[in-house]
Amino acid sequence: MNQYLNKIAIVVRDYDEAIAFYVNILNFELLEDTVLSPSKRWVVVKPKGSGHCGLLLAKAANTEQKNAIGNQTGGRVFLFLYTDNIDRDYQNLIKHNVEIVREPSNESFGRVLVFADLYGNLWDLIQPT
């Protein structure tokens, strides 16, 4: 059996502001942006590189979903983004005024920092050893 995660849905306030953040600031690729109805789009972004998993940017459609924006995991780190150069990516986050929750540190598994995306979801940025 061969299984892998293909997409992870993340609830967003607005498609275009989310695309701008992930593509223009985190340097993700926009894989798809298809209009499904006047209020719904199928928007997929993914980090550049060899990985398969992308983020499905899902616009909140009701109050319960709106309340989950920025807090999809109850304040815990939500996503783990691996990099080949944490210093380069850290400087990029600083340049774009992205909130750094925990400065880069050396851990047994590599260098790591924690940042918040445009909605407040927490991410680990990791350069493995």
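Under a hydrophobic-cluster definition in which Ile, Leu, Val, Met, Phe, Trp and Tyr are linked whenever side-chain heavy atoms come within less than 4.5 Å, directly or via other members, Leu79 and Val77 are assigned to different clusters. If you chain together hydrophobic residues whose side chains sit under 4.5 Å apart, Trp42 and Val35 never meet in one group. Residues Val112 and Phe80 fall within the same hydrophobic cluster, defined by Ile, Leu, Val, Met, Phe, Trp and Tyr side chains chained together at heavy-atom separations under 4.5 Å. Under a hydrophobic clustering in which Ile, Leu, Val, Met, Phe, Trp and Tyr are joined whenever their side-chain heavy atoms come within less than 4.5 Å, directly or via other members, Leu118 and Ile8 fall into the same cluster.
Between Val43 and Leu30, the shortest heavy-atom contact is CG1-CD1, 4.0 Å. Gln72 and Ala9 make their closest contact through NE2-O, 3.6 Å (heavy atoms, listed as atom of the first residue, atom of the second, distance). The heavy-atom pair separating Val11 from Ala60 by the smallest distance is CG1-CB, 3.7 Å. What you find for Cys53 and Pro47 is that their closest heavy atoms are O-CD, 3.9 Å. The minimum heavy-atom distance between Leu122 and Gly75, with the atom names listed, is CD1-O, 3.3 Å.
You'll find the side chain of Leu93 reaches within 4.5 Å of the side chain of Leu125, heavy atoms only. You'll find the side chain of Phe21 reaches within 4.5 Å of the side chain of Val98, heavy atoms only. Under the 4.5 Å side-chain criterion, counting only non-hydrogen atoms from C-beta, Tyr22 is in contact with Ile10. With contacts defined as side-chain heavy-atom distances shorter than 4.5 Å, the pair Val23/Val45 qualifies. Looking at heavy atoms from C-beta onward, Ile100 lies in side-chain contact with Tyr90 at the 4.5 angstrom threshold. Using a 4.5 Å cut-off on side-chain heavy atoms (C-beta onward), Thr83 and Arg88 make contact. No side-chain heavy atom of Glu17 sits less than 4.5 Å from a side-chain heavy atom of Val12.
One distance of note links OG1 of Thr63 with CD of Gln65; it measures 9.5 Å at 0.5 Å rounding. Within the model, atoms CG of Asp117 and CG of Leu55 stand 9.0 Å from one another, a figure rounded to the nearest 0.5 Å. Separating the CG atom in Asn67 from the CG atom in Asn62 is a distance of 9.0 Å, to the nearest 0.5 Å. Taken from CG in Leu56 to CG in Asn6, the straight-line distance is 10.0 Å, to the nearest 0.5 Å. Atom CD of Gln127 and atom OH of Tyr82 lie 12.0 Å apart (nearest 0.5 Å). With values rounded to the nearest 0.5 angstrom, Asn71 atom CG is found 10.5 Å from Phe78 atom CZ.
Judged by distance alone, the side chain of Asp124 and the main-chain N or O of Ile126 form no donor-acceptor pair under 3.5 Å. Formation of a donor-acceptor pair under 3.5 Å by the Tyr15 side chain with backbone atoms of Arg41 is found in this model. For Lys46 (side chain) and Gly51 (main-chain N/O), a donor-acceptor pair under 3.5 Å exists by modelled atom type. For the pair Asn92 (side chain) and Leu26 (backbone), a donor-acceptor distance under 3.5 Å is absent.
Using bins of under 30°, 30° to 60° and over 60° for the plane-to-plane angle, the ring pair Tyr4/His52 lands in the tilted bin.
In this structure Ser105 satisfies the side-chain hydrogen bond (donor to acceptor under 3.5 Å, both in side chains) test together with Glu107, sequence neighbours excluded.
Remark: Arg111 does not engage Asp89 in a salt bridge, criterion side-chain N to carboxylate O under 4.0 Å.
Of the candidates Leu113, Leu81, Val114, Trp123 forms a side-chain contact (heavy atoms from CB on, under 4.5 Å) with just one, namely Leu81.
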